[in-house]
Amino acid sequence: MATLSLKPGSRFSVTDWQTNAALISTNAERQRISSHQIRQEARALRNETSNQTKWDEQDNSTRLAERIDEVEKWRQVLDKCLSEVDAEINALTQIKDEAEQALQAKNIPLDVAIECFTHRESRREIDLVKDPVEDELHKEVEVIEGVRRALQQKISEAFEQLCLLQEARHQLNFDQRSKTDTVEIDQTCLSLTKNSPNISLKVDPARVLNGTTTPQEWEQFSRYSKERAEAEVRTSGRLRESIALTIAQTNNECEAQRVAVEFAFRKRIHEFERALAELNWQEKNTKEEIEEMEGDIRHLDEDLREKKGSLKLAHTRLETRLHRPNVELCRDQVQYGLTDEVRQIEGTIAALKEKLSQSQNALDALYKHLARIEEDTKWKQNSLILDNKCLDTRRKLTLPPEKYVATSDMFNRTTNRNLSPLKSQQLELA
């Protein structure tokens with residue numbers, strides 16, 4: 001007999017089946033409603049976000065353009081400021097070079113003053129005096145040294161100011177390059193669209209990097225760079241004016257002292273020329289007096305020889321009359337006359353000898369003083385030559401080096417004086 005074969009396990013009831021069908025229908029309806037709502041919300045979100053994204057994108061593009069304009073304005077300001085700094089650096093460098101040239105040019109007056117001192121040290125005897133020329137030369141050296149110190153101080157200040165300008169320029173250049181790069185970056189960002197081929201998703205693009213600044217800090221940095229550069233330019237301008245004034249003042253001081261020194265030299269040379277003229281006049285008169293004295297001495301010698309002849313005659317007469325015989329040996333008027341004549345001639349001879357001795361002494365004194373005059377004349381001529389050589393050397397201060405030609409060496413000139421035969425004989429005996 002055949003048996004019924006059934007699957008093992010539980011069996012569901014019709015109610016369960018109907019409940020399941022109803023649940024599926026209900027869930028399907030609810031899912032469709034939910035899906036519909038989500039679709040509506042998605043459509044609304046799409047419309048809203050699409051518009052918002054467009055507006056955001058437009059706003060950010062506008063912000064980028066405004067930011068580019070702002071950065072570009074600052075970059076132009078910095079460019080202008082950088083040009084002013086460059087111009088000021090060139091101007092300050094030029095005036096610094098002029099100051100250095102002025103300082104270098106002061107070596108020539110200093111060398112000339114020292115050369116004048118060296119020449120004047122060759123003065124001899126009484127001419128080696130501390131005269132106004134030496135005082136003015138000392139003052140000139142002091143003026144030149146003071147001028148050199150003043151110019152060196154201004155050159156040092158200019159160098160320091162150039163360093164400050166270079167620092168300000170470096171900061172400006174750094175800021176200007178940064179803004180140029182920023183403008184290029186922002187222009188690149190402004191040119192991008194969602195269809196651009198080189199866009200992609202980035203990892204955490206909204207991260208805040210170290211060193212990020214606020215707009216206030218950004219503007220403050222640029223403003224500080226600009227204001228610092230402008231301050232340094234103003235300071236440099238005042239320094240340039242000060243350097244130019246110092247150069248002019250120092251040139252005027254050196255020129256005034258040069259005029260004073262050369263005036264003292266010319267005055268001293270004039271004094272030497274007058275002294276030499278006086279010495280020449282005294283020498284001429286002394287020589288004339290020597291000639292007169294030598295003539296008088298010769299006349300005294302002649303008179304003395306004549307008086308000796310007269311004395312011999314009187315002596316001979318007296319001696320001869322002593323041989324009169326006996327009572328004829330009378331002291332008559334002739335005897336008295338001859339005796340008076342002898343006394344008179346002896347007195348005259350004594351007076352002539354005394355006067356001859358005085359004349360000889362006077363002649364010796366004249367020759368000694370003539371030698372002193374000639375010696376002093378030699379010193380004066382030497383001093384005059386030295387001062388004229390100094391004055392010639394100082395032509396370097398007013399003539400260009402290529403036009404300066406030293407005059408012939410005046411030290412080679414000597415004076416050969418011809419002494420009188422009597423003076424030469426006395427020098428040989430001495």
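Since the model is a prediction, treat every value here as computed from it, not as a measurement.
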> Do you know the tightest heavy-atom contact between D387 and R120?
OD1-NE, 2.9 Å

> Would you say the side-chain atoms of E354 and Q358 include a donor-acceptor pair closer than 3.5 Å?
yes

> Looking at E374 and K378, does any basic side-chain N land under 4.0 Å from a carboxylate oxygen?
no

> With a cut-off of 6.0 Å (strictly less than), are more than 12 heavy atoms of other residues, nucleotides or ligands near CD of E292?
no

> Would you say the side chain of E306 lies within less than 4.5 Å of the side chain of I349, judging by non-hydrogen atoms?
no

> Yes or no on salt bridge (charged side-chain N to carboxylate O under 4.0 Å, His left out) for R75 and D79, after CA distance, side-chain angles and deciding distance?
CA-CA 6 Å; R75 191 178 70 83; D79 281 341; 3.3 Å; yes

> Got a sec, which residues hit side chain to side chain donor-acceptor pair (under 3.5 Å) with N60, two or more places apart in sequence or on another chain?
R63

> Mind checking whether F221 and F174 have parallel, tilted or perpendicular rings, split at 30° and 60°?
perpendicular

> I need the minimum non-hydrogen distance between L165 and V233, along with the two atoms involved.
CD2-N, 4.1 Å

> Any salt bridge between E140 and R394, counting N to O under 4.0 Å?
yes

> For T214, does its backbone N or O pair with a side-chain atom of E217 as donor and acceptor, under 3.5 Å?
yes

> Counting C-beta onward and ignoring hydrogens, is there a side-chain heavy-atom pair between E134 and F117 closer than 4.5 Å?
yes

> Taking all non-hydrogen atoms of both residues into account, name the closest pair between I243 and A158 and its distance.
CD1-CB, 3.8 Å

> Do E100 and K96 sit within salt-bridge range, that is, some charged N less than 4.0 Å from a carboxylate O?
yes

> Check residues 268-275 and write down every donor-acceptor pair under 3.5 Å in which the side-chain atom is one partner and the other belongs to a residue at least two apart or another chain.
from : atom 1 : to   : atom 2 : distance (Å)
R268 : NE     : D131 : OD2    : 3.2
R268 : NH1    : E271 : OE1    : 2.9

> I want to check something: taking the side chain as every heavy atom from C-beta on, are K80 and E84 in contact at a cut-off of under 4.5 Å?
yes

> Report yes if the side chains of E167 and R228 come closer than 4.5 Å at any heavy-atom pair, otherwise no.
yes

> Using a 3.5 Å distance criterion without hydrogens, assess whether the side chain of N90 forms a donor-acceptor pair with backbone atoms of D86.
yes

> Whether E72 and K179 form a salt bridge (side-chain N of Lys/Arg under 4.0 Å from carboxylate O of Asp/Glu) is what I want to check.
no

> Donor-acceptor pair, D376 side chain versus R372 backbone, under 3.5 Å?
no

> Output the distance between atom CG (N388) and atom OG1 (T393), rounded to the nearest 0.5 Å.
10.5 Å

> Judged by atom type as modelled, is there a donor-acceptor pair below 3.5 Å linking the side chain of Q161 to the main-chain atoms of E232?
yes

> Are the charged groups of K380 and E375 less than 4.0 angstrom apart, N to O?
no

> Counting distance only, does the side-chain N/O of T62 pair as donor-acceptor with the main-chain N or O of Q58 below 3.5 Å?
yes

> Can you check whether V71 reaches W218 side chain to side chain, under 4.5 Å on heavy atoms?
yes

> What's the shortest heavy-atom distance between L172 and S225, and which atoms?
CD2-O, 3.8 Å

> Assess whether a salt bridge exists between E70 and K73, defined as any Lys/Arg side-chain N lying under 4.0 Å from an Asp/Glu carboxylate O.
no

> Sub-3.5 Å donor-acceptor pair from the side chain of S222 to the main-chain atoms of E219, do we have one?
no

> Mind listing the side-chain donor-acceptor pairs of residues 247-267 below 3.5 Å, one per line with the distance, residues two or more places apart or on another chain?
from : atom 1 : to   : atom 2 : distance (Å)
T250 : OG1    : T246 : O      : 2.7
T250 : OG1    : I247 : O      : 2.9
N251 : OD1    : K106 : NZ     : 3.1
N251 : ND2    : I247 : O      : 3.1
N252 : ND2    : A248 : O      : 3.2
E255 : OE1    : R258 : NE     : 3.1
E255 : OE2    : R258 : NE     : 3.4
E255 : OE2    : R258 : NH2    : 2.4
Q257 : NE2    : E136 : O      : 3.0
Q257 : NE2    : E136 : OE1    : 2.8
R258 : NH1    : E262 : OE1    : 2.9
R258 : NH1    : E262 : OE2    : 3.0

> Answer whether the closest heavy-atom distance between the side chains of E288 and N285 falls below 4.5 Å.
yes

> Could you tell me whether the side chain of M293 reaches within less than 4.5 Å of the side chain of Y367, counting heavy atoms only?
no

> Indicate yes or no: at least one non-hydrogen side-chain atom of Q153 is less than 4.5 angstrom from one of R149.
no

> Nearest 0.5 Å, what's the CZ-CD1 distance between R43 and I38?
13.0 Å

> Are D392 and K389 within salt-bridge range, i.e. N to O under 4.0 Å?
no

> I need the minimum non-hydrogen distance between L386 and R123, along with the two atoms involved.
CD1-N, 3.6 Å

> Give a yes or no answer on whether the side chain of S357 reaches the backbone of K353 with a donor-acceptor pair at less than 3.5 Å.
no

> With distance as the sole test, does R324 use its side chain to make a donor-acceptor pair with the main-chain N or O of C330 at under 3.5 Å?
yes

> Charged N to carboxylate O below 4.0 Å: is that the case for R298 and E302?
no

